[in-house]
Amino acid sequence: MSATSRPETVAMLTKMTREMRATILSMITQAGSGHPGGSLSAIDFIAALFFTRLKHDPKNPSWADRDRFILSKGHAVPALYVTLAKRGYFDESQLMTLRQLGSPLQGHPVNRFMVACEAPTGSLGQGLSVAQGIALAAKLDKKSYSTFCLMGDGEIQEGQVWEAAMSASKFALDNLVAIVDWNGGQIDGSITEVMPSLEPVVAKFQAFGWDVKEIDGHNFDAILDAIAWADERGGKPKCIVARTVKGKGVSFVEHPTKYHGAALTKDELAKAHAELKEAK
Amino acid sequence: MSGQTTVKPIATRQAFGEALAAVGVEHNEVVVLDADLSKSTKSELFAKKCPDRFIQMGIAEQNMLGVAAGLALSGKVPFACSFACFIAGRFETIKISVAYAGARVRVVGTHAGVGIGEDGYSQMGLEDVGLMRTLPEMVVLQPCDDVETAAMVRWLVTDCTQPAYLRLTRQNLRRLHADGWTWTPGKLDVLREGTDVAIIASGGPVMNAMDAAEALAKEGKSVAVANLSSIKPLDRAGIEALAKKVKVIVTVEDHNVIGGIGSAVAEVVAETGGARVHRHGVLDVFGESGTPESLYEKHRLDAKGIAEVVREQLAR
């Protein structure tokens with residue numbers, strides 16, 4: 001990436017994620033079920049991480065020194081699958097087998113079906129603990145890889161997340177990066193309705209001993225800056241609170257609850273594709 | 001003579017701590033996690049030998065299990081230790097982050113059953129075997145003495161590639177195996193032959209089952225005793241062979257009779273045919289405070305109680 005300037009990288013990511021959004025929505029409609037809202041809120045960060053930062057090898061996904069990415073909010077997995085396919089982990093033609101019997105593209109990530117998923121997630125609240133174990137192993141073995149874990153805002157209502165937040169700073173895991181995809185919505189309503197006291201989230205992570213950065217999770221300059229910031233070690237785990245929009249990129253999908261877990265109809269999908277095309 | 005040795009009885013948790021310290025020194029990949037109970041689970045014995053590889057997680061068991069899974073997925077062999085009841089309470093973390101992940105975690109639950117005594121029901125693991133054996137690929141082990149415990153700990157470090165659960169006692173247990181005896185994973189451990197009735201027991205009550213068999217032998221009854229320490233994988237052929245040999249099988253465990261080894265044996269015999277199975281253990285009731293001895297007497301898990309149950313079943 002060093003040969004590419006920042007504006008070029010941002011332009012590349014902007015174009016690519018627009019196509020990825022279209023693919024994600026197609027995958028979910030083809031499957032007949034899935035989670036468009038949380039996939040579209042998370043795709044920008046995931047794509048930026050995989051295309052500008054992660055040291056990994058799609059031909060050798062279990063390479064021992066790879067950087068790890070765990071999608072703890074596993075329901076956003078179409079965003080991970082489309083990224084892995086674009087990155088060369090498997091053929092893009094497989095994407096449309098999402099959620100079908102026999103497909104490695106399970107409804108939520110499963111490492112035994114796809115090594116690059118790293119862990120089974122989707123039972124919310126578990127990913128940060130597993131990521132922490134991986135980061136701890138790196139410390140024990142004096143390895144330099146980093147471990148990233150992306151969680152949802154609704155997800156961090158789970159108590160296990162705060163157990164993990166507590167112990168990550170005890171172990172000084174500055175090789176662990178948590179990302180909170182704060183899209184403001186969950187199944188039964190907005191975060192403000194369901195659990196308003198989740199805020200102030202930045203202060204909560206700080207109180208647990210984390211370095212925290214709050215960004216616009218759809219601004220690639222901000223995302224790239226945050227990723228670079230997270231690479232500064234310094235003794236503390238890092239948390240990036242990415243303020244995002246659920247369903248980002250398609251006007252009628254941008255809603256805190258409506259498209260949390262509902263596939264677009266064929267007509268809606270055509271409308272969404274047209275809108276994404278025009279966005280150029 | 002089988003069942004009688006001069007070695008001082010010790011709890012399987014103590015044998016576990018000693019074995020883990022010994023094996024851990026030889027194997028750098030072993031790491032041990034505890035949730036503020038290392039003095040009770042005896043993981044402290046490892047911590048003293050290998051402080052750099054002991055990870056104190058505080059009173060946060062589900063995080064401990066998830067962290068253990070991450071360590072296992074990165075090539076470590078983690079033992080995650082707490083009381084059996086607190087482990088069972090974090091079942092979903094074990095289901096997803098450990099078992100489904102295929103993470104080579106050794107989940108260790110000590111203080112099994114009513115045998116813990118005075119602390120009462122909230123500290124008793126009485127459902128853990130039932131829960132753990134429902135998980136595909138999960139190995140479930142329960143040793144009956146220190147020799148067997150040490151063999152299992154070593155195997156869990158050097159051979160077993162699957163996630164595993166190890167269930168241990170707080171109370172001291174008499175040694176039932178001679179030096180040089182070798183444990184075979186997945187095999188029923190027949191401690192005593194007999195043709196009238198077979199007691200299949202696991203964990204704390206095995207030594208009492210041996211004493212009960214001795215007492216019944218004096219009454220002219222031929223009683224086999226098998227130690228079911230490898231609960232999963234289960235020795236279906238061994239259980240079937242016993243079921244074809246005797247009229248009645250009495251299972252004995254310090255665990256709810258629902259879901260435990262009695263269920264496991266009954267499931268096999270229901271399919272193979274043979275003996276009638278009577279499940280004996282904690283009869284789907286809550287535990288309570290009392291001395292371990294008084295609780296074993298109340299639940300008829302002492303030698304006298306087991307002998308009574310066997311007599312009743314033979315008379316049916």
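By convention in this document, chain letters (A, B, ...) are assigned in the order of the sequence lines, proteins followed by strands, and residues within each chain are numbered from 1.
- The neighbour count for A/Lys86 NZ, taken as heavy atoms of other residues, nucleotides or ligands under 6.0 Å away, is above 12.
- Of the possible polar contacts, one joining the A/Lys170 side chain to the B/Gln56 backbone as a donor-acceptor pair under 3.5 Å is found.
- By the neighbour-count criterion of 12 heavy atoms within 6.0 Å, atom CG of A/Asp231 is densely surrounded, having more than that number from other residues, nucleotides or ligands.
- The environment of B/Lys39 atom NZ is sparse: at most 12 non-hydrogen atoms of other residues, nucleotides or ligands sit within 6.0 angstrom.
- Remark: B/Met64 CE to A/Glu163 CD distance equals 10.0 Å, nearest 0.5 Å.
- Contacts with chain A were tallied for B/Ser74, B/Ala103, B/Ala69, B/Gly58; B/Ser74 has the most, counting heavy-atom pairs under 4.5 Å.
- The structure places CD of B/Glu29 at 12.5 Å from CG of A/Leu140, a figure rounded to the nearest 0.5 Å.
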Exercise. So A/Ser129 and B/Gln62, side chain to side chain contact (heavy atoms under 4.5 Å, CB included) or not? Walk me through it.
Worked result: CA-CA 8 Å; A/Ser129 299; B/Gln62 51 188 353; over 6 Å; no

For this session: Could you go through the side chain to side chain contact (heavy atoms under 4.5 Å, CB included) check for A/Gln132 and B/Asn63 one step at a time?
Result: CA-CA 9 Å; A/Gln132 181 175 161; B/Asn63 183 46; 3.9 Å; yes

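- Atom-to-atom distance recorded for A/Gln160:CD and B/Glu92:CD is 9.0 Å, nearest 0.5 angstrom.
- Distance CG/B/Leu73 to CZ/A/Arg68: 9.0 Å, rounded to 0.5 Å.
- Shown here for B/Ala99 and A/Arg112, the closest heavy-atom pair between the two residues is O-NH2, 3.1 Å.
- Note on A/Pro120, A/Ala119, A/Ala137: by heavy-atom pairs under 4.5 Å with chain B, the leading option is A/Pro120.
- With a threshold of 4.5 angstrom between heavy atoms, A/Val110 approaches chain B through side-chain atoms but not through N, CA, C or O.
- Within the 4.5 angstrom heavy-atom criterion, no atom of B/Ala35 approaches chain A.
- Of the atoms belonging to B/Asn28, not a single heavy atom falls under 4.5 Å from chain A.
- Atom OH of B/Tyr121 is surrounded by more than 12 heavy atoms from other residues, nucleotides or ligands within 6.0 Å.
- Atom-to-atom distance recorded for A/Gln126:CD and B/Tyr100:OH is 12.5 Å, nearest 0.5 angstrom.
- Taking every heavy atom of both residues into account, A/Ser123 and B/Ile96 meet most closely at CB-CG1, 4.0 Å.
- With a 6.0 Å radius and a threshold of 12 heavy atoms from other residues, nucleotides or ligands, B/Lys95 has its NZ atom at or below the threshold.
- In this structure, chain A has heavy atoms under 4.5 Å from both the backbone and the side chain of B/Ala101.
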